[in-house]
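Here the structure is laid out as structure tokens; the discussion comes afterwards.
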Amino acid sequence: MTATKEQVFEKVSATLADSLNVEPEEIKLESTLQGDLGAESIDFLDIVFRLERGFGIKIPRDELFPESIFQGDPEFVKDGLVTTAGIEELRQRLPFADIDSFAQDPQYKRLGDLFTVAMITNYVQSKLAK
Amino acid sequence: MRLKDKVAIVTGGGRGIGRAVCLAFAAEGAKVLVVYRGSKDAAEAVVADITAQGGMAEAEQVDVADPAAAAACVARIAEKWGRVDILVNNAGIIKDGLFIQMDPANWDAVLKTNLGGTFNFCRPCAELMFRQRGGRIINISSVAADRVNRGQANYVASKGAINALTKAMAVELASRGVLINAIAPGFIETDMSEAVRNVAGDTIKKLIPVRRFGKPEDIAKVAVFLASDDSSYVTGQVLTVDGGLSLGAMSA
């Protein structure tokens, strides 16, 4: 039986609540991991470990939370804005993130906002469907 | 018993400080893996001592400078005993010589064993401890990291780096209950310090306010503290255990 999005979200929320030490009620689909839930770099690693164990999936390094997506490449970031090529790169690297919304105001400093609970939920759901 | 049923790995566990740490941990109820490189008989004697007291221990031959061997050792014991709660990076060597004449091979050997060995065991253990949300890593450093001696540039550099590594690891892992500290022993009565003690023992003793060399047990007691719940709010520290040597008091 495939898990519904609600079921996956519920379990992702519980995982995040446990990992980030926040109340489950604070966690919404649109919550950003860093801005809203206070995640730091080491927390991303913990979240990956916990999702792997909780859902029985394998999350290859750099697949869910890629490190340094643009690597300072001027083709992707110019004057603090993510370029069209950068947006395309994001679509490749973060297929479960809401790139369309980001593209409307593509400030580089907003990049962290792509990592939302919805992104994780969509990712996990696709993994479970495989 | 302060370490009841904890699983501990102690590198360089056959002799000197490592041996005392193994025995002290076992006396507090820990299961101990005694890691040795060359001292097979000594390591097996430590295991026999622990077993005779009703404790649980085994010995394994590993060159700590070999990352794959270290990872395999940690994986094996985690599989066998279910977890790893405590790691003591104690394996260390000296290859002294004046800096200008220092053979690059001696520089490499000391860095690879002392610092590399610490990294090689820390990495797999830290991941296990991070996943299990708790653990203790104790790196055996030396007062020589700060109060340096002539002829030990390689050793001193390795110990200074271990102190920095201890702090760097501590800030990354503390949020998941993994606490990492170092102990900086002064002059301890071990095989490693024997040559120096024989040559300059009386002079050095005058520089030690407690007026005696340390015993391996003096270090082991501090290691038990750092491995136990008693140190639950201590991380990223280098605890100097040297009878006051590093205070630098002149004799008068």
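Only heavy atoms go into these numbers, but all of them, side chains included; no hydrogens, no water, no symmetry mates. Throughout, a chain's letter reflects where its sequence line sits, starting with A, and its residues are numbered from 1.
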Problem - Closest approach of A:E52 to B:R131 (non-hydrogen atoms, all atoms of both residues) - result: OE1-NH2, 4.1 Å
Problem - Residue pairs, two or more places apart or on separate chains, that pass salt bridge (Lys or Arg N to Asp or Glu O under 4.0 Å) and touch residues 30-44 of chain A - result: A:D43-B:R176
Practice task
Answer yes or no: are there more than 12 heavy-atom neighbours, outside B:R133 itself, under 6.0 Å from its atom CZ?
Solution key: yes
Handout entry: Neighbour count >12 (heavy atoms, 6.0 Å) for atom CD, B:Q132
Key = yes
Practice task
Identify which part of A:S19 has an atom lying under 4.5 Å from any heavy atom of chain B, answering side chain, backbone, both or neither.
Solution key: both
Practice task
Would you please go through residues 89-120 of chain A and name the residues with a non-hydrogen atom below 4.5 Å from one of chain B, in numerical order?
Solution key: none
Exercise for the section: Taking atom NZ of A:K127 as the centre, report whether more than 12 heavy atoms of other residues, nucleotides or ligands fall under 6.0 Å from it. Expected result: yes
Fill in the blank from the handout: Output for pair (A:N21 CG, B:S175 OG), nearest 0.5 Å, gives 10.0 Å
